[in-house]
Amino acid sequence: MTEATHTAVFPVRDYDLAATLGSGQAFRWEGREDGWHGVVGSRPVRLLAEGGCLKAFSHTPQIEWGWLTEYLQTGLNLGAVLATFPADGPLGRAVAACRGLRLLRQEPWECLASFILSSTKQIVQIRQIVALLCERFGDSLAVDRGSSPVYSFPSAARLAGVSEADLRACKMGFRAPYLRETAAAVASGQVDLQALSGRSLEGARAELVRLPGVGPKIADCVLLFAYGFPAAFPVDVWILKALQELYFPKRRMSAARLRRFSETHFGPNAGYAQQYLFHYMRTQIR
DNA sequence: AACCAGGACACAA
DNA sequence: TTGTGTCATGGT
């Protein structure tokens with residue numbers, strides 16, 4: 001039998017917590033002096049990297065921590081993933097620059113809604129919009145006395161009932177009707193997010209793209225960051241720039257050709273390669 | 001102060 | 001199939 005605890009320690013090799021939580025796949029983590037503060041589902045949690053381990057702190061005692069190890073993917077053998085990468089220079093440099101970068105396994109609705117808000121927005125702005133959304137329409141969660149209040153990510157049913165004007169007040173602009181309509185489609189069961197995990201990559205993508213405000217890029221983000229399809233390869237402006245400048249520096253390539261290249265070049269874990277290139281481009285190359 | 005940001009969509013050719 | 005204008009908002 002197991003005892004409920006406020007803290008847990010997970011031994012991990014090659015886990016760069018800062019790169020993982022700060023690389024633009026999730027938008028609610030805040031790095032402070034005492035660690036990374038965030039919310040997983042309805043559980044506020046603080047994370048710390050300490051000598052080959054991740055330490056987790058919860059306000060309420062937890063009987064089991066599977067919800068967190070699943071989210072963080074601490075059980076993943078990163079070396080096995082990296083071993084499937086093609087041995088090219090740019091990807092090698094990207095991996096060397098941020099080894100330990102991981103992909104999270106996020107809750108599908110939060111991930112979907114967040115990325116609907118992400119289009120042509122800088123990551124700092126996405127974070128601000130998501131924070132406002134949670135603050136205004138999420139549920140208040142219990143936290144330690146004295147610490148600032150924490151909110152859950154609002155459910156699809158909740159957001160479906162929010163007026164477009166109130167959504168726009170969260171600074172999301174033209175994305176407001178997209179979020180509202182997608183929330184309604186999910187809340188009504190018109191699209192079953194839970195059923196997507198049992199589908200093929202192509203099948204799940206086709207289902208997501210039906211939602212208003214969800215095109216191929218956002219669909220691939222959700223497929224990669226929430227459902228764990230390792231071959232999903234989101235192509236955004238940073239990835240286009242990375243492919244153009246790092247792989248084809250001589251001749252100008254169209255976006256379509258770069259996309260075609262990515263579909264065959266990076267292998268079964270292309271999504272991981274994508275995240276390394278994305279983070280490498282944003283932090284090292286500029 | 002222009003330029004651009006983890007795009008999608010309607011419409012053109 | 002591939003190219004262009006439009007849609008808010010604010011960081012750099």
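Letters A, B, ... are given to chains in the order of the sequence lines, protein chains preceding strands, and every chain is numbered from 1. Keep in mind it's a predicted model, so treat the numbers as computed, not measured.
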Exercise for the section: For S118(A), report the nucleic acid contact type (base, sugar-phosphate, nothing); a contact means any heavy atom under 4.0 Å. Expected result: sugar-phosphate

Exercise for the section: Could you tell me whether F225(A) contacts a base, only the sugar-phosphate backbone, or nothing, with contacts defined as non-hydrogen atoms closer than 4.0 Å? Expected result: base

Practice task
Nearest whole angstrom, please: distance from the C1' of dG6(B) to the CG of D236(A).
Solution key: 4 Å

Exercise for the section: Look at the side-chain N and O atoms of K171(A) and state whether any lies under 4.0 Å from the OP1 or OP2 oxygen of dG10(C). Expected result: yes

Practice task
Nearest-nucleotide wise, let me know which of R282(A) and Y178(A) is further upstream toward the 5' end of DNA chain B.
Solution key: R282(A)

Exercise for the section: Answer yes or no: does a side-chain N or O of R168(A) lie under 4.0 Å from OP1 or OP2 of dA8(C)? Expected result: yes

Exercise for the section: Could you please name the option among dG11(C), dC7(C), dT9(C) that lies closest to any side-chain atom of Q122(A)? Expected result: dG11(C)

Practice task
Name the nucleic acid region contacted by G213(A), choosing base, sugar-phosphate or nothing; use a 4.0 angstrom heavy-atom cut-off, strictly under.
Solution key: sugar-phosphate

Exercise for the section: If the plane angle is over 60° it's perpendicular, under 30° parallel, otherwise tilted; pick one for W109(A) and F153(A). Expected result: perpendicular

Handout entry: Pairwise P distance, dA1(B) and dC7(C) [rounded to whole Å]
Key = 24 Å

Handout entry: Aromatic plane relationship, W65(A) with W67(A) - under 30° parallel, 30 to 60° tilted, over 60° perpendicular
Key = parallel

Exercise for the section: For the side chain of Q125(A), starting at C-beta, report the closest nucleotide among dG10(C), dG6(B), dA8(C). Expected result: dG10(C)

Problem - dG5(C) to dC3(B) separation - P atoms, rounded to the nearest Å - result: 15 Å

Fill in the blank from the handout: Rounding to 0.5 Å, atoms NE2 (H37(A)) and OG (S148(A)) come to a distance of 8.0 Å

Handout entry: Ring geometry between Y247(A) and F261(A) (parallel below 30°, tilted from 30 to 60°, perpendicular above 60°)
Key = tilted

Practice task
Could you work out the separation of dG6(B) and dT2(C) based on their C1' atoms and round it to a whole Å?
Solution key: 23 Å

Handout entry: Nearest-nucleotide comparison on DNA chain C, the residue closer to the 5′ end among S119(A) and V124(A)
Key = S119(A)

Fill in the blank from the handout: Sorted by position of nearest nucleotide on DNA chain B, 5' first, the leading residue of I123(A) and P212(A) is I123(A)

Exercise for the section: Could you tell me whether S23(A) contacts a base, only the sugar-phosphate backbone, or nothing, with contacts defined as non-hydrogen atoms closer than 4.0 Å? Expected result: base

Practice task
Have a look at V214(A) and say if it touches a base, only the backbone sugar-phosphate, or nothing, with a 4.0 Å heavy-atom cut-off.
Solution key: sugar-phosphate

Handout entry: Sub-4.5 Å side-chain heavy-atom contact between L211(A) and Y178(A)
Key = no

Practice task
Mark yes or no for a side-chain to base donor-acceptor pair under 3.5 Å between Q275(A) and dG6(B), with no hydrogen or angle criteria applied.
Solution key: yes

